[in-house]
Chemist: 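My structure is below; once you've seen it, I'll send some questions.
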Protein chains: 2
Amino acid sequence: MEMDERKTKILQAIIRNYLETGEPVGSRTISKYTDLNLSSATIRNEMADLEEMGYIVQPHTSAGRIPSDKGYRFYVDTLMEAKEREVADMKDMLLERQDRLEDMLKSVVKILAKDTQYATMITAPMTHLNKLKFIQLSRVDSNHLLAVVVIEGNMIRNRMIEVSEEIDDETMLKLNMLLNTQLNGLAIEEINLSMVAKLKQQAGIHSGVIGDVIDEVVETLSEDKDLEVYTSGTNNIFKYPELADNESARKLITAFEEKEVLGDIIQNSEPGEETGIQVYIGGENANTNMQDCSVVTATYDLGDGMKGTIGIVGPRRMDYDKVVGTLKSIKTKLDDLYRKE
Amino acid sequence: MEMDERKTKILQAIIRNYLETGEPVGSRTISKYTDLNLSSATIRNEMADLEEMGYIVQPHTSAGRIPSDKGYRFYVDTLMEAKEREVADMKDMLLERQDRLEDMLKSVVKILAKDTQYATMITAPMTHLNKLKFIQLSRVDSNHLLAVVVIEGNMIRNRMIEVSEEIDDETMLKLNMLLNTQLNGLAIEEINLSMVAKLKQQAGIHSGVIGDVIDEVVETLSEDKDLEVYTSGTNNIFKYPELADNESARKLITAFEEKEVLGDIIQNSEPGEETGIQVYIGGENANTNMQDCSVVTATYDLGDGMKGTIGIVGPRRMDYDKVVGTLKSIKTKLDDLYRKE
DNA sequence: GTTAGCACTCATTAAAGTAGAGTGCTAATA
DNA sequence: TATTAGCACTCTACTTTAATGAGTGCTAAC
């Protein structure tokens, strides 16, 4: 049996209706809902077919139908019309362009959660592929040095280093020069052992300090592998009965608390062809805690290889049109934001 | 009517039992539970008295009694024996003394949540009373300066500053000198307008940049008013039926997501006499979202006026002995940690 | 002052009955 | 051949009723 136009229309009507109400939809409803002018009996026959094909299921005999994962998938792939949607407040916010990326991300998830009424998350752009732009070593007090590392894209990392020997101003200057001339422009993968040895040699009697510093720099650079994830609107899950029961809620809250888990989910999402947007429906999610819900992710790109991901988590019956539309719009904005200049 | 020893014993027995089971306790249970050798009828009479005095309540006629807020209060104030409790893992962790305070705090809440099975939170030590220790201004690229500010206690803040005019090395050196000689050792409150004016004057043609920098510095220093709060074990609330229903859970999750709210709660807690530990039972909580639960806070002190707060949130019938004991122990450890040296 | 005994209350649970939504199937219709 | 009206059937959700039992308050006896 294959999908004809009428079946498609009916399936669409079922899904649309179910997205709205959250109740199984019956044949009579569809008979009136659509402009097909078919009796409920005919619809019933078609629905039996759709069920056989696996697009819809019955929670129990004598209930209406609800979309299966396959049904949603069909809807998302071929039926959905996601128009870019303006998000209020977002525009102003992005125009201001907070100088702290962190604050910007926090604002984005927050606005997104408020706008969509789902739980949202966003990862800071990954930087471990990036290049060292600038290192500054300063003496804070007699036995503490401060290493500030700036990475391409102006991400800043700093680190206190304890030193046993006191270091005079002249040496500081020399060390700074050394570090900057040798390391700038390198990606972390390029900092290998032989280079470290060379640096240490050049540092002479201060090779110990240089060693420490480089260790710290490398660690600093690799450290954002446990990348930051910001979340918002977790409480929105209580708006959807299918997620609000004790067990599901616990699972989700746990997942949202353990940012590492979130990071995995969000990071493993394929960039998703041309759009950069991916939809994972129910069982399609790799993470077991997420198989009761749907996750939509969007990869944004701030240029210089700095990519991050936005994720929206809601019930299976989430408003895919709206969510995808919103994400498209935000993705575009973020992509444009830094690239323009 | 006043509290005699027998009433006290009975009240204690009721509370202990209720803390364990979460079920209203009846007179017969107490009659067997205690070593008073009294019949249930006698207990009933005493319980009627205790109810009249407001220490216990009946959910409904023909149910046993449960402690009222007043009852818990009495228990916490005079009946509880909180012995310091070792927390596994904690010791090792603190000995290592992560160089990033942030990581340390994250570990603490995590371990605490795992140990107590309640939801936990911790604030980073407040620094806004602290003094500027060190400022470093560096040129990152032609139109970006990086300001790194180190505060007493080695808290680091940094900030990118956009400048229109390019600044040469010599000027950078001068500006750095100027900033450090003039501002070091000052608390934020001491940086006033006349001082800023003076600095600008001294900076001559670069007064614009100096102005920007000072603005940023001041903002940077004040910025940790929206202080960091780390949380863990939020999902533990689902372990306690009285908090796990939809409405209560939503409230709590929301509170835990909005760190500002948490910050208020945790910050407004009185240091709590000699122990530094405070217990807020049910309605005693100022925040409306928290009135279904109990909150125990402890103020820790890393020296140099750097104080932070730990909070544990659980049901009214939380194991106060354990929680207070644990907090005492951790508080001591944290207090000692940095002070020793 | 303490306790045994008893009537009473009320939440909880189970069982039974009712209503209604929706289906599948059949036979009639266009 | 496709569509539809009609009907018996199914199953959930809700309401009602009854049974159970834990626990109380009170009284009278010890």
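Heavy-atom basis, side chains included; hydrogens, waters and symmetry copies ignored. Below, chain A is the first sequence line, B the second, and so on; all start at residue 1.
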Chemist: Is the phosphate of D:dT4, meaning OP1 or OP2, less than 4.0 Å from a side-chain N or O of A:S39?
Modeler: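 Checking D:dT4 against A:S39, a side-chain N or O does come within under 4.0 Å of OP1 or OP2.
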Chemist: D:dC9 C1' sits how many Å from A:Q58 CD, rounded?
Modeler: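 After rounding, the reported distance stands at 13 Å.
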Chemist: Using heavy atoms and a sub-4.0 Å distance, could you list which residues of residues 23-38 of chain A are near DNA chain D? By number, please.
Modeler: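 Only A:N37, A:L38 qualify.
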Chemist: Looking at OG of B:S39 and NZ of B:K32, how far apart are the two atoms once the value is rounded to the nearest 0.5 Å?
Modeler: 13.5 Å
Chemist: Give, ordered by number, those residues of residues 45-57 of chain A having at least one heavy-atom distance below 4.0 Å to an atom of DNA chain D; if nothing qualifies, reply none.
Modeler: A:N45
Chemist: Spell out, as yes or no, whether a donor-acceptor pair under 3.5 Å connects the side chain of B:Q291 to the backbone of B:N285.
Modeler: yes
Chemist: For A:K7 and D:dT3, give me the distance from atom NZ to atom C1', rounded to whole Å.
Modeler: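 About 14 Å, once rounded to whole Å.
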Chemist: Tell me the interatomic distance from A:R6, atom CZ, to D:dA2, atom P, rounded to whole angstroms.
Modeler: 9 Å
Chemist: Could you give me the CA-CA distance, side-chain angles and deciding distance for B:Y55 and B:Y75, then say whether ring pair (Phe, Tyr, Trp, His ring centres under 6.0 Å) is met?
Modeler: CA-CA 10 Å; B:Y55 291 106; B:Y75 178 79; over 10 Å; no
Chemist: Please classify the nucleic acid contact of A:A63 as base, sugar-phosphate, or nothing, using heavy-atom distances under 4.0 Å.
Modeler: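 Sugar-phosphate only.
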Chemist: Could one point to a donor on the side chain of A:R65 or the base of C:dG24 with an acceptor on the other under 3.5 Å away?
Modeler: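 Such a pair does not exist between side chain and base.
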Chemist: Round to the nearest Å and state the distance from A:D4 atom CG to D:dT1 atom C1'.
Modeler: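 About 15 Å, once rounded to whole Å.
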Chemist: Can you name the atoms? Protein N/O to nucleotides 11-14 of chain C N/O, anything below 3.5 Å, with the distance.
Modeler:
none

Chemist: Between the main-chain N or O of A:T326 and the side-chain N or O of A:E84, is there a donor-acceptor pair closer than 3.5 Å?
Modeler: no
Chemist: Measure from the side-chain N and O atoms of B:T254 to the backbone N and O of A:N235, and report whether any donor-acceptor pair falls under 3.5 Å.
Modeler: no
Chemist: Do side-chain atoms of A:T231 reach the backbone of A:F256 as a donor and acceptor pair under 3.5 angstrom?
Modeler: no
Chemist: In this structure, which one of B:K7, B:R65, B:K70 forms a salt bridge (charged side-chain N to carboxylate O under 4.0 Å, His left out) with B:E51?
Modeler: B:R65
Chemist: Counting only N and O atoms by type, is there a donor-acceptor contact under 3.5 Å from the side chain of A:T123 to the main-chain atoms of A:T309?
Modeler: yes
Chemist: Output yes when a side-chain donor or acceptor of B:Q12 lies under 3.5 Å from a complementary backbone atom of B:K9, and no otherwise.
Modeler: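 Side chain of B:Q12 to backbone of B:K9: no pair is present.
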Chemist: Just to verify, which of B:T120, B:I122, B:V108 counts as forming a side-chain contact (heavy atoms from CB on, under 4.5 Å) with B:S232?
Modeler: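 The side-chain contact (heavy atoms from CB on, under 4.5 Å) with B:S232 is passed solely by B:T120 among B:T120, B:I122, B:V108.
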Chemist: Can a donor-acceptor pair be found, under 3.5 Å and without considering hydrogens, that links the side chain of B:N287 to the backbone of B:N289?
Modeler: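 Yes; judged by distance alone, with no hydrogens or angles, the pair exists.
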Chemist: Mind calculating the distance between CD1 (A:I43) and P (D:dA2) to the nearest angstrom?
Modeler: 16 Å
